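Right, one structure below, let's go through it.
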There are 2 protein chains.
Amino acid sequence: MSHVERDFAGRIRQKGYRMTPQRQLVLDVLCAHGGHTLANDVITAVQAQSPYLNRATVYRVLEFLCALQLVTRTEIGGQVVYELAEEETHHHLVCRLCGYAAEWDGRALTKLVDHLLAEQDFQAELNHLAISGVCGQCRLGGDP
Amino acid sequence: MSHVERDFAGRIRQKGYRMTPQRQLVLDVLCAHGGHTLANDVITAVQAQSPYLNRATVYRVLEFLCALQLVTRTEIGGQVVYELAEEETHHHLVCRLCGYAAEWDGRALTKLVDHLLAEQDFQAELNHLAISGVCGQCRLGGDP
DNA sequence: GTTCATGCAAAGCGTTTGCACGCAT
DNA sequence: ATGCGTGCAAACGCTTTGCATGAAC
């Protein structure tokens, strides 16, 4: 699915902000890359197409897009990663050994959230969780 | 409970490393502070007692203590925090609004871990989780 | 025409590194 | 006496900031 259909420009203008080539380009890159993207990778990819686009601008655009909730910002293993915000909540299973991140719908989390609210009076916000561990392949393979 | 009883010196020497005043001091500070401690807070507290102890040394000591698993390192909301490793696993419920972090034994997590292993072939490592959300008080109080 | 967004360069922050000295063993 | 651990200072990488220019509305 192309992100063009999601009408980011409209959503940005609707809130009184301006659509610019820079913002479009960052959105393009996040869409093309898919999944978690490092700020640095965004910068590299963006500059491959438009060399004079500044790093500071990319940071500002990412911050802006996060504020509008068009993009999510997550920390995984000390790395900050960005991703286009999806409609459905989803989560990531990140293998400590090979770095592979599987998606996971997290349906099993609802019980946990209910439990925390009932027993701990705590409203957990688990919209975009990254769970660390070891994937099946690495567990069988030992470490290379 | 004083951490002296836990014989950190013995555990360090047992593995062929040396006990030094610097390492002792960092352990003292982590014990006195209790709970999550920022690297910067460790440095400040340590230097209050021994002004010439270097920042770089504190970082090296913390890294060393983590490698020996005497100290845990966790990321919460973009902050890296250190804490004396406890025998029992425990977790933290961090309120996004007031920053308050409640402890939680995480017994309800075992079902989740079992589920992930069975359904996703993924061995989750949830030894020291920090769950973000909103605590009861902030939920009732609105935002001040 | 107004205002918001960008480019540039510089500084900021927390953290890491190289090297020589000093102390625990 | 040996070599691990420290102090110092400098550099590092990532990110943020101030200001003048330029583009979107």
Side-chain angles (χ1 to χ4, degrees), chain A residues 7-30 36-68 70-82, chain B residues 7-30 36-68 70-82:
Chain A
D7 190 24
F8 288 122
R11 291 211 250 170
I12 286 173
R13 273 191 277 261
Q14 185 183 350
K15 299 204 177 183
Y17 301 103
R18 297 174 184 175
M19 194 49 173
T20 65
Q22 291 85 348
R23 290 174 176 174
Q24 187 63 61
L25 202 43
V26 169
L27 287 166
D28 287 348
V29 163
L30 286 176
H36 295 155
T37 315
L38 294 168
N40 200 44
D41 290 345
V42 177
I43 292 169
T44 305
V46 155
Q47 291 190 336
Q49 298 192 42
S50 181
Y52 295 111
L53 210 167
N54 200 266
R55 279 176 307 130
T57 301
V58 174
Y59 281 108
R60 278 187 284 225
V61 167
L62 287 172
E63 185 189 5
F64 168 82
L65 294 174
C66 286
L68 262 66
L70 300 178
V71 167
T72 63
R73 177 196 154 108
T74 319
E75 292 173 47
I76 298 183
Q79 306 269 49
V80 174
V81 292
Y82 298 89
Chain B
D7 191 25
F8 288 123
R11 290 211 253 170
I12 287 173
R13 272 191 277 262
Q14 185 182 351
K15 299 203 178 185
Y17 301 104
R18 299 175 183 173
M19 193 49 172
T20 66
Q22 290 86 348
R23 288 175 178 176
Q24 187 64 60
L25 203 44
V26 169
L27 287 166
D28 287 348
V29 163
L30 286 176
H36 296 155
T37 314
L38 295 167
N40 200 42
D41 291 345
V42 177
I43 291 169
T44 304
V46 154
Q47 290 189 337
Q49 298 192 41
S50 180
Y52 294 111
L53 209 167
N54 200 264
R55 279 177 306 130
T57 300
V58 173
Y59 281 108
R60 278 187 285 224
V61 167
L62 287 172
E63 184 189 6
F64 168 82
L65 294 173
C66 286
L68 261 65
L70 300 179
V71 166
T72 63
R73 179 194 153 107
T74 319
E75 291 172 49
I76 298 182
Q79 306 269 49
V80 174
V81 292
Y82 297 89

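If you're wondering where the values come from, they're calculated on a predicted model, not measured in any experiment. Proteins get letters first, then strands, A, B, ... in listed order; numbering begins at 1 in each.
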Close side-chain approach of [X] and [Y], heavy atoms under 4.5 Å:
{"X": "B:Val46", "Y": "B:Asp28", "answer": "no"}
{"X": "A:Phe8", "Y": "A:Leu65", "answer": "no"}
{"X": "B:Leu38", "Y": "B:Gln79", "answer": "yes"}
{"X": "B:Arg11", "Y": "B:Leu68", "answer": "no"}
{"X": "A:Tyr59", "Y": "A:Ile43", "answer": "yes"}
{"X": "A:Arg55", "Y": "A:Gln47", "answer": "yes"}
{"X": "B:Leu70", "Y": "B:Arg23", "answer": "no"}
{"X": "B:Leu62", "Y": "B:Leu30", "answer": "yes"}

**Complete:** By nearest-heavy-atom nucleotide on DNA chain D, the more 5' of A:Ile43 and B:Arg23 is B:Arg23
**Asked** For DNA chain D, whose closest nucleotide is more 5', that of B:Asn54 or that of B:Arg18?
**Response** B:Arg18
**Prompt:** Minimum heavy-atom separation for B:Thr72 to B:Cys66, with atom names?
**Reply:** C-SG, 4.3 Å
**Request:** Kindly give the heavy-atom pair with the smallest separation between A:Val42 and A:Val29, and that separation in Å.
**Result:**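 That closest heavy-atom pairing would be CA-CG1, 4.1 Å.
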**Asked** Taking five pairs at each end, how big is the angle between the two axes of the helix from C:dG1-D:dC25 to C:dT25-D:dA1, to 10°?
**Response**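 The end-segment axes of the helix from C:dG1-D:dC25 to C:dT25-D:dA1 are tilted 40° relative to each other.
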**Opening and closing nucleotides of DNA chain D in contact with chain B, under 4.0 Å to non-hydrogen atoms** = D:dG3 to D:dA9
**Item:** Nearest-nucleotide 5' precedence on DNA chain C, B:Thr20 against B:Arg73
**Value:**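 The residue mapped nearer the 5' terminus is B:Arg73.
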**Pairwise 5' ranking along DNA chain C for B:Glu63 and B:Pro21, keeping only the more 5' one** = B:Glu63
Would you indicate what [X] reaches in the nucleic acid, counting non-hydrogen atoms under 4.0 angstrom: base, sugar-phosphate, or nothing?
{"X": "B:Arg55", "result": "base"}
{"X": "B:Phe64", "result": "nothing"}
{"X": "A:Arg13", "result": "sugar-phosphate"}
{"X": "A:Ala39", "result": "sugar-phosphate"}

**Request:** Quick one: pull up CD1 in B:Ile12 and CD in B:Gln24 and give me the separation to the nearest 0.5 Å.
**Result:** 7.5 Å
**Prompt:** Taking any atom under 4.0 angstrom from a heavy atom of chain A, which nucleotides of DNA chain C are the first and last to qualify, 5' to 3'?
**Reply:** C:dT3 to C:dA9
